A.B. asks: 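Sending over a structure as structure tokens; questions will come in a sec.
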Amino acid sequence: MTLKLDKVNRGPHLSTLVASSISREIAQGRLKPGDQLPTEAALATTFGVSRNVVREAIARLRSEGRIWSQQGRGAFVVESNNPTVLTIDHETLQRADSFRNLFELRGILEVQAAALAAKRRSDADLKAMDDALSGMRAAPYGSVAWLRSDLEFHRTVAEATRNSYMGQFLVFVSERVRESILAAGNQQKSDDMARITLGEHERILRAIHAGDAEGAQAAMRDHLAGAALRVGLHDGEAAEIAPGPEAASPVRHSRLRKAVRGQA
């Protein structure tokens, strides 16, 4: 069994890159159903990463249904060629069209989730959203800590829908988006962008607090259109991310485009 594994570039997404590389070996048939993976130590040496990174990658592949593991024996490629768990390959998302499609899917789900959250949220949900927003305020805009708190905010909105499948799917999709942003390093950073983005989240939270389902949908739609601009999707693509009966304010997006270009 000859594998084509190379060292991975350093960054906050190392385990994702390791998991993607192993997934590619499986997809291209160099790792076949039933094959045993190299040991953690061997993989760590091959990729030039720590064993903890390898463990995280293995855990991810296991959760995706690509491998199974047994203590004392190691990790093995699953026998089935058709994993039952949804996967979105990291390398595929480096293509602009794939990233745009994922962002579009996120918009369809999150706009509806915001409406359900406004109807079904509890006091505990609202506190969790408040805490996540506080985490964003405390972190430098665009940093790993900011993106983590941003993801947590959207996770708490999803959980407030009281639909466990909605929560699981949204967290999965949002995490893939976050990883792609970190990998690409194309998140625009400025005080103006921090203010605009926080304002979008605050508007979502106010609507959910008020139990305003339509307002929550509109606020989430506006936020996702703005987020699309911030990560490099152009105006035409951003308009399609989360379509609704009313377009986002052209004045607001004029300000946003200026801020993205460093003109605001």
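The model shown is predicted, which means the values in this text are computed figures rather than measured ones.
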A.B. asks: Please test Lys32 against Asp35 for salt bridge (charged side-chain N to carboxylate O under 4.0 Å, His left out), starting from the C-alpha separation and ending with a verdict.
C.D. replies: CA-CA 5 Å; Lys32 296 179 172 56; Asp35 280 351; 5.6 Å; no
A.B. asks: Taking only Lys NZ, Arg NE, NH1 and NH2, and the carboxylate oxygens of Asp or Glu, determine whether Arg155 and Glu159 approach each other closer than 4.0 Å.
C.D. replies: yes
A.B. asks: Mind listing the closest non-hydrogen atom pair of Ser23 and Leu61 along with its distance?
C.D. replies: OG-CD2, 3.1 Å
A.B. asks: Within 45 degrees of the axis of the six-membered ring of Phe103 and under 6.0 Å from its centre: does Arg106 put its NZ or CZ there?
C.D. replies: yes
A.B. asks: Counting only N and O atoms by type, is there a donor-acceptor contact under 3.5 Å from the side chain of Thr197 to the main-chain atoms of Met193?
C.D. replies: yes
A.B. asks: With Asp212, which residues qualify under side chain to side chain donor-acceptor pair (under 3.5 Å), at least two apart?
C.D. replies: none
A.B. asks: Let me confirm one number: the CG-CG distance from Leu126 to Leu205, rounded to the nearest 0.5 Å.
C.D. replies: 7.0 Å
A.B. asks: Are Glu202 and Arg137 close enough for a salt bridge, meaning some N to O gap below 4.0 Å?
C.D. replies: yes
A.B. asks: Drop me the distance from Thr45's OG1 to Glu40's CD, to the nearest 0.5 angstrom.
C.D. replies: 11.5 Å
A.B. asks: Are a donor atom and an acceptor atom from the side chains of Arg62 and Ser69 found within less than 3.5 Å of each other?
C.D. replies: yes
A.B. asks: Check for me, please, whether Leu133 and Leu151 land in the same ILVMFWY cluster - side-chain distances under 4.5 Å, paths through other members count.
C.D. replies: no
A.B. asks: For Trp146 versus Pro140, what's the shortest heavy-atom pair and its separation?
C.D. replies: CB-O, 3.3 Å
A.B. asks: Enter the distance from Lys127:NZ to Ser122:OG here, rounded to the nearest 0.5 Å.
C.D. replies: 11.5 Å
A.B. asks: CD1 of Ile208 to NZ of Lys119: how many Å apart, nearest 0.5 Å?
C.D. replies: 12.5 Å
A.B. asks: If you compare all heavy atoms of Asp222 against all heavy atoms of Arg203, which two are closest, and at what distance to 0.1 Å?
C.D. replies: OD2-NH1, 3.2 Å
A.B. asks: What's the shortest heavy-atom distance between Val157 and Ala114, and which atoms?
C.D. replies: CG1-CA, 4.1 Å
A.B. asks: At what distance, to the nearest 0.5 angstrom, does CZ of Arg60 lie from OG of Ser15?
C.D. replies: 7.0 Å
A.B. asks: I need the minimum non-hydrogen distance between Ile67 and Ala75, along with the two atoms involved.
C.D. replies: CD1-CB, 4.1 Å
A.B. asks: Taking the side chain as everything from C-beta on, heavy atoms only, tell me whether Met136 gets closer than 4.5 Å to Leu198.
C.D. replies: yes
A.B. asks: Suppose the criterion is ring-ring contact (aromatic ring centres under 6.0 Å, His included): which pairs have a residue in residues 196-217, not counting sequence neighbours?
C.D. replies: Phe153-His201, His154-His201, His201-His223
A.B. asks: Can you tell me which residue pairs pass the ring-ring contact (aromatic ring centres under 6.0 Å, His included) test with a partner in residues 23-44, sequence neighbours excluded?
C.D. replies: none
A.B. asks: Just how far is it from atom CG of Asn163 to atom CD of Gln168, taken to the nearest 0.5 Å?
C.D. replies: 9.0 Å
A.B. asks: Between Asp125 and Arg120, which heavy-atom pair has the shortest distance, and what is it?
C.D. replies: OD2-O, 4.5 Å
A.B. asks: Could you walk me through whether Val77 and Leu37 satisfy the side-chain contact (heavy atoms from CB on, under 4.5 Å) test, starting with their C-alpha distance in whole Å, then the side-chain angles of each, then the deciding distance to 0.1 Å, before giving a yes or no?
C.D. replies: CA-CA 7 Å; Val77 180; Leu37 268 62; 3.9 Å; yes
